[in-house]
Every structure is written in structure tokens, then in C-alpha cells.
A.B. asks: 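Can you read through this structure? Questions will come right after.
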2 protein chains.
Amino acid sequence: MPRAKCPKCQKIERILKSGIIRGKQRFYCKDCNYHFTLVHESRKQKTEARKNNDKTSLKDIANAAGVSISTVSRALNEHPDISIETRMAIKTLAKTMDYQPNLLAQSLVNRSTHTIGVIIPNLETTFFSSMLGGIQHIAAQSGYRVVICQSDESHTIEVANLQALMNNMIDGLLICHTLNTTNFDHLKMQINRGIPIVQFYRVSDNLDIPKVYSDDESGAFQITEHLIKKGSKKIGLLLGPKALSINKRLNGYLKALNLHGIEIDDKLIKHVDFSYNAVIKAVDEWLEMEPAIDAIFSISDKCAVQIIRYLKSKKIIIPNMISVCGFGNEYTGEIVEPQLTTFDVKTREIGEAAVKLLLDQIIQKTSKIKKQMIKGSLIVRESTDK
Amino acid sequence: MPRAKCPKCQKIERILKSGIIRGKQRFYCKDCNYHFTLVHESRKQKTEARKNNDKTSLKDIANAAGVSISTVSRALNEHPDISIETRMAIKTLAKTMDYQPNLLAQSLVNRSTHTIGVIIPNLETTFFSSMLGGIQHIAAQSGYRVVICQSDESHTIEVANLQALMNNMIDGLLICHTLNTTNFDHLKMQINRGIPIVQFYRVSDNLDIPKVYSDDESGAFQITEHLIKKGSKKIGLLLGPKALSINKRLNGYLKALNLHGIEIDDKLIKHVDFSYNAVIKAVDEWLEMEPAIDAIFSISDKCAVQIIRYLKSKKIIIPNMISVCGFGNEYTGEIVEPQLTTFDVKTREIGEAAVKLLLDQIIQKTSKIKKQMIKGSLIVRESTDK
DNA sequence: ATTGATTGCGATAACGTTTGCGATAGATAT
DNA sequence: ATATCTATCGCAAACGTTATCGCAATCAAT
């Protein structure tokens, strides 16, 4: 025998039960042909409960000040439409109530988050972290936050990161690809979505977007020529995986050899994955050659340092018997003995240039596609100083 | 002579001009006592224009599918209320229309961004970047993004970063304080705001929040005792600025001396700001002492390496004349000759432990305040191996 | 009295989601 | 038949802002 009151006609006579919905009794008023369930307090309770522990919003200030939300918003944004008195009153009120604007809501309506994303293979090696440092610095100066994702040199993770970042959380993206990234479909997908993307350091030649890179070919040329001038003729070249864009360094190496009339020996050129074992294996193979090599040019400072230590452990004198060069100018090259000759690619500047390019695009909406090369410089140290 | 039509009564007879508002003519209908301006297309045009180049939203899918927005939302979220057929239809439609959910809107309603913030003094030194690596790794595993701010060892920047991050953009914060941070008011302000905060590495003792730190005192004790056992009696201790929490290392040093009955000499304990000049000055002062010191314990590996190079340049034999110890186990300590004895503080593990603590708080809402110490280990190398 | 201009503020519609609840139609039980 | 359930789906209210426009009141100039 239902004893519910119809919310419409307020009668209790002609009410019938009409099933149970989500656990609650449902009624039907024959008079006004209206279905209803009993009054629910849940939602009210929920909103009331929230009121207590949540941050103060514009609404709260508006209530406290006795004005509308729009007035509060404009007052805090120094809009001239609001009189100076109310403006000041609202601002002091906001301060005492410890108001902090909700950036999510702002971003949602402004369609901009003041955040840029960075996808980088690794942030623990000084080489990359110094780029990151440059990026973070410039971005912060312009009031932009930076969210960082490591791809760990995994293409799959890179793709996933890209997906995750592009969903409205960032105004622009900086990406430095994986060693194994040969397919750029994931980037192509995103390019026409409207948000600016800049590639840095490891870039793809055939994608028409802004990019910042180092003068690898020239650097490798300078290193190789330096070795040649120091008297080396059989120069082992240690490269990364073949896919890598920075393998342009190979060209510099070849050019230098050609220019100085030195024959090219394929056995002197080795691709490794930068793991310690692979590096040592390559060096061992070179050492067994006849005649022996007289120089090693490693595309990575880290490997070069490993090589120096390995050669020393085998009582091979550097640079007298074998000269060693690196590439990148990491700090360890300065510490190792003999100190490492290398090429300073100015990682920090690369990072800085990349953000600047990106911020230009974001702020000024310039769609001109710039490709920027950062010039490095040869640093001669003991490991080649015969 | 106005010829406008009243939007209410549709008459054109009794319309009067009534000023110009924001550049547009305003009218007044005497019949219905109604003020109005002419029809404005601006807003409509704006929304229409947006339709073209913007991303697809739930609304677009709903229109295309001929269902309501809520149905689309529920379908994509696998809500059982939606029939399998519509669910599948909507999902394929979403795929072909290349739908990507707007994370901002989601975060706004869900009150969670799946993003954690990190404030760190510097991300370019391996010491900190390896913590960061650990943080990023674990966070990514749990589906959390990481936004990073460098404080550059500036307290002011740290405070600003904190402000910027806490405005609803992050679900939790990881903070490693500046060398100069002695005042923690900025943190206190935020602590009761509801979002979890975890301190790591450089922590404050008197703030009752979760923290992860290294066993500095024990580490310093181990290092000092190791030096003593190797025969050193006059051990110079190079500390950071006095405010720094990691100066607990001083206690370890003192304990070891006390335990082994070695008198404490204040001149042997120096505070520096980690700059090269300050370090060299401290070392010089020690070298001039009578009798000479026989060991140096630097609180930072970086300084220790600098000291080794400086001593070598002065023809001082390490460890025979002076032993040198660092703290932190950075990579350079392995490269320098002689290789550096140091204490491995397991930076990566500190980072990992810190995120885990934070994620526990965020996800499980456990309010238990945990303080976690990460144990390090002594690494004996050539620089103390007499 | 008519018209023009300005100042200060409120209402309201976005922004793109999620979600509680209502509301049908058909199925099932009584 | 009547009463109840169930399976699907829509409505509308949030979330916290910003921005457009409306509107009253006031002042000034015809």
C-alpha cells in the first residue's frame, strides 16, 4: 500500500507502485500520469560535503562578496569594467580566502595549458639531461611548464608517450627520437592536429616540421681531419645503430678520408648498440687487424671513455699507439686520463633553440618551418695529442 | 529613423534608438518595454568556425551516431547500461573520427589529473637526474605523467614553482629542497590543501609529512671509520652550506672520531657553497696546516673529483700522502684516477621510493605518514687504498 | 524630450567530460 | 490483466573558468 505523495499534484490517493529502479521503489500517479521515486538526498549531501574541504572557487568569493561570479573573475583579471573599489575589495577577499585559480578550468576555456611536452630517450645521461636543462630553463622563463616522458630508447614507449601527451594537456611538443625509430607514422598522425611539434637532436630528414640539430657531418669531418693531421691513417669508426639520423657523422668521416687521399676500409667502420660488450668486441676486432689501427673515433663520449679504460688495461699507450676521440663533450671526457679529445655539440644550446622555436610557434603562431643547425666546436685534449 | 524589429513583439512601429553599446546601435521597444541590439552573428560565426579545425568531441560522435552525449561517453567507457551493438558502433565511429578524449575536461570533473609534480634543484647533474629517472619510471608504470621544475638552487624559484604547480594541475608533489631553503612556510601553506606531498633526499626534520632520505649519518660514519682504519688521523671534512639537512653527515664524522678516540679539530671542518673556488680555498687552507692533513672527506663526489685533480696538479700523491673520499657515487668517481672511494646513496632508489610513497597516498588515500630511509653502501676504491 | 555615450555589474553560454536519475518499451511474474 | 523488472538510453547538473551581451543608471548634448 504505497503512501507516497505525487510531486506534481501533491496527492497521495491514486499512487501505484511501479517497479523498483536501482534498488529504490518507484511510484506512478494515475492522476497526472507521472512516474517518480522518493526524494533523494544523496546528491545534495554530496555537494554539501564537498563545500567543506574543497578549495575556494570564484563562486565562494562571489558569495562572500555579494557579487556575481563574472564580477569576481573580471576583478581578479583587472578588467576595467569593474570599479576600483569593488576590484580592491574582491582582491583582498581573494587573498584572505586563499584563492588559487583552477588551471584546469582556465585551460579548458582558454584552450591553452601553458605546458609543453618533451619526449626524450633518457634523462639520466648528462648528454640528454643538459638538453633538458636548457629546455626547462627557457620554458620556465616564458611561464611554461614542462612535462617530460622518457622513451628509454624504446620505439613502442615513444609512440605511447606521444599518444598520452597529445590529448589536450600540452600546447606544444619537443621530441628527440629513439635509436630505433625508423617509422614516423605516429608523428605524422599528430602533425596536422594543430599543435606545434619540434624535433631536436635526433631528427628525421623527410618530415617537414621544424627541427634543431647539430652539425654532425662537419663535426665528424673536423675530428677525422684532426686525427689525420696528427698522423693517423687507420682510423676505426664506432657508429650507433644504422637507423640513427646522427649517422650523418659517417659522411664527415668519409669526406675527410677522401680529401686526404686515404683509402676507405669497411672493416674500420662498425655499428654497435652502445652496450659495453658490443663496444669491447668491436675494439678487440680492430686490435687484431694487420696492420694495427692507430686511432679510434667513437661517435659517443661514453663509449670513448670505456675504450680508453679498456685500452689502458691492455697496456696500450694513448695517444702514442692509438689515439682516441669521442663526440659530444660530456664531463667524463675531462676527467678520464688521458683527457678525451672530442667535439662539443652544445647540447644545452640545442635544447634552448628547440624550445625557442616551439614557443615562437605557440605564441606567435608563425607557421614558417625553420630548420636550425647548432654549430659545435672541436676540443683537442690529451687523447690525440701526440 | 530606426527600422529595427522588436525580437519580442515583432513590431517595427514603436521602436526608438537607445544609445550605442559597445559600438553597436541599441534599440528600445515602447510596446514591450524591451531593450535590444540588432542580431549578432559574431558568436554564431565563431562557433561555426571552430567546428571545422577542432578535434572531435563526444558531441561530434553523438551527432554522427544519432545518440546522446552521455550514451557515447558510457559506450566508450564500457558502461554495461549501453547495449553491445551501440557500444561497438560508437567505438568504431570514434576510431574512424579519430577521437581523443580531452584530458582537461576529464580531469576537471574527475578532480584528478594523473600527473605528479617534481621540484628538484637541478636536473643536469647525474646525482639528481638519476633520482628523476627513478621517479619518471615508476610514475609512468602507474600511468602517471611527470611535470618537472628546476629550482636552480634558488629558494625564490622553489617557492614560485610550488605555487605554480599546486593549482590543480597535479595530484601529488615530490620535492627536493634547495641548498638555501631554511624556511618551509611555503610548504606548510600547501600541506593542508589536500594534495599529497613527499619530500625526498633533502628533507626537513620538523615537518610532519612523508619523506625519503639516505642514511647520511651512517654513511659518513662508515667513510670516516674507513679512513681511520686506513691510518688517517687528521681528516678534513668538506661540508655544504650550514642549512642543509644532509649536514647530518657531520654527526657521522664526529661519531667515528669519538669512537676511535681522535680529538676533534674545528679547523678541519669547513662549510663551502660547492663552488670550485670555495673548494680550492678550503683545500689550500688545509694544506698549510701544521701538521699536514692526511685525508679529505668531501660531502660531494663532484668536489672530491675536483680535489683529486687539484692535489695531483700539486704533485701530491693520492692516497699515500692524502686520502680522498667522496659521497654519492657519481659516475665520474669511477673514471678519475685514482678512482674515488665514496658512499653509494642509491639515488635512483630514493627517487623510486619517493614516488611509491606518493602514489600510495594518491591512490589508496592512506594518510599514514611514513618516513623511509634508503640504505647506502661504502665503495672502497683507489683513492683511500694505501 | 530625444538621442548619445559611459560606467558598473549580472546572466548566461560556452569549454568537454562524467554521472545520478528519470523515463520509456518490452519482458516477466502474479 | 495487473504489477513488477530489466535493458537502454536521454536529460541535466555538475567541474571552475572566461567572455559575450544585456541592462539599468547616469550624464551630456541636442
Side-chain angles (χ1 to χ4, degrees), chain A residues 2 16-22 24-26 28 34-37 40 42-44 46-47 50 54-62 66-77 79-87 99-112 167-168, chain B residues 2 16-28 33-37 40 42-43 46-47 50 54-62 66-77 79-87 99-112 167-168:
Chain A
L16 300 177
K17 281 206 223 174
S18 159
I20 291 186
I21 183 165
R22 257 172 284 265
K24 271 177 285 186
Q25 183 61 58
R26 188 174 176 231
Y28 174 66
Y34 183 65
H35 288 272
F36 64 92
T37 55
H40 315 286
S42 61
R43 185 181 291 194
K44 288 181 187 173
K46 203 172 165 186
T47 54
R50 202 182 47 69
D54 236 36
K55 300 203 198 176
T56 71
S57 68
L58 287 188
K59 196 175 181 179
D60 301 327
I61 301 181
V67 296
S68 76
I69 297 181
S70 8
T71 302
V72 178
S73 172
R74 276 187 284 236
L76 296 179
N77 290 329
H79 194 287
D81 263 14
I82 308 300
S83 73
I84 299 187
E85 300 89 55
T86 32
R87 227 187 293 178
Y99 169 74
Q100 302 289 102
N102 185 324
L103 295 186
L104 286 176
Q106 284 185 334
S107 299
L108 185 59
V109 49
N110 290 335
R111 301 169 155 271
S112 145
N167 295 8
N168 301 73
Chain B
L16 300 178
K17 281 206 224 174
S18 158
I20 291 189
I21 183 165
R22 258 172 280 262
K24 271 176 284 186
Q25 183 61 58
R26 187 176 176 227
F27 302 96
Y28 175 66
N33 185 33
Y34 184 63
H35 288 272
F36 63 94
T37 55
H40 315 285
S42 61
R43 187 180 290 195
K46 201 171 165 187
T47 53
R50 203 182 46 69
D54 235 39
K55 300 202 196 175
T56 70
S57 68
L58 287 186
K59 196 175 182 181
D60 300 326
I61 301 181
V67 297
S68 75
I69 296 180
S70 13
T71 303
V72 178
S73 171
R74 277 188 273 244
L76 295 179
N77 291 328
H79 194 288
D81 262 14
I82 308 300
S83 73
I84 300 187
E85 300 89 52
T86 33
R87 228 187 292 177
Y99 169 74
Q100 301 289 102
N102 185 325
L103 296 185
L104 287 176
Q106 284 185 334
S107 299
L108 186 58
V109 49
N110 291 335
R111 302 172 154 270
S112 145
N167 296 7
N168 300 75

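Each chain gets a letter, A, B and so on, in the order its sequence line appears, and its residues count up from 1.
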A.B. asks: How do B:Val109 and B:Pro80 order along DNA chain D: which one's closest nucleotide is nearer the 5' end?
C.D. replies: B:Pro80

A.B. asks: Rounded to whole angstroms, how far apart are CD1 on B:Ile61 and P on C:dG16?
C.D. replies: 12 Å

A.B. asks: From C-beta outward on A:Arg74, which listed nucleotide comes closest to its side chain: D:dC21, D:dT18, C:dG16?
C.D. replies: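 The answer is D:dC21.
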
A.B. asks: State which residues pass side-chain hydrogen bond (donor to acceptor under 3.5 Å, both in side chains) with A:Ser73; sequence neighbours excluded, sorted by chain then number.
C.D. replies: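 Counting only residues at least two positions away or on another chain, A:Ser73 forms no side-chain hydrogen bond (donor to acceptor under 3.5 Å, both in side chains).
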
A.B. asks: Contact class for B:Thr86 vs. all strands (heavy atom < 4.0 Å): base, sugar-phosphate, or nothing?
C.D. replies: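 If one applies the 4.0 Å heavy-atom cut-off, B:Thr86 turns out to touch the sugar-phosphate alone, with no base involved.
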
A.B. asks: Out of C:dT17, C:dA11, D:dG16, which nucleotide sits closest to the side chain of A:Ser68?
C.D. replies: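 Looking only at heavy atoms from C-beta outward on A:Ser68, the closest nucleotide is C:dA11.
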
A.B. asks: Select one nucleotide: of C:dT17, C:dG10, C:dC15, the one nearest the side-chain heavy atoms of B:Ala105.
C.D. replies: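 The listed nucleotide nearest to B:Ala105's side chain is C:dT17.
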
A.B. asks: Can you identify which nucleotide, out of C:dG16, D:dT17, D:dC11, has its nearest atom closest to the B:Ser70 side chain?
C.D. replies: D:dC11

A.B. asks: What is the distance from CZ of B:Arg111 to C1' of C:dT19, rounded to the nearest Å?
C.D. replies: 14 Å

A.B. asks: Please tell me which of the listed nucleotides, D:dC9, C:dT17, D:dG16, lies nearest to the side chain of B:Asn102?
C.D. replies: C:dT17

A.B. asks: Mapping B:Arg87 and A:Ile69 to their closest nucleotides on DNA chain D, which lands nearer the 5' end?
C.D. replies: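 Nearer the 5' end of the strand: B:Arg87.
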
A.B. asks: Angle between the end axes of the helix from C:dA1-D:dT30 to C:dT30-D:dA1, five pairs per end, to the nearest 10 degrees?
C.D. replies: 60°

A.B. asks: Roughly, in whole Å, what's the span from CG in B:Asp81 to P in C:dT19?
C.D. replies: 13 Å

A.B. asks: Measure from the side-chain heavy atoms of A:Ser83 and tell me the nearest of C:dG10, C:dG8, D:dT18.
C.D. replies: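 When the side chain of A:Ser83 is considered, C:dG8 is the closest of C:dG10, C:dG8, D:dT18.
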
A.B. asks: Just how far, in rounded Å, is P of C:dT17 from CG of A:Leu104?
C.D. replies: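 Roughly 14 Å, once rounded to whole Å.
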
A.B. asks: Checking A:Arg87 now: which residues fulfil salt bridge (Lys or Arg N to Asp or Glu O under 4.0 Å) with it, not counting sequence neighbours?
C.D. replies: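 Salt bridge (Lys or Arg N to Asp or Glu O under 4.0 Å) list for A:Arg87, sorted by chain: A:Glu78.
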
A.B. asks: Checking all strands, does B:Glu85 fall into the base, sugar-phosphate, or nothing category for heavy-atom contacts under 4.0 angstrom?
C.D. replies: nothing

A.B. asks: Please give, in whole Å, the distance from D:dC15 C1' to A:Leu103 CG?
C.D. replies: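 Atom-to-atom, A:Leu103 to D:dC15, this comes out as 14 Å.
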
A.B. asks: When the distance from CG of B:Asn110 to P of C:dG16 is rounded to whole Å, what number comes out?
C.D. replies: 17 Å

A.B. asks: Just checking A:Ser57: base, sugar-phosphate only, or nothing, at a heavy-atom cut-off of under 4.0 Å?
C.D. replies: sugar-phosphate

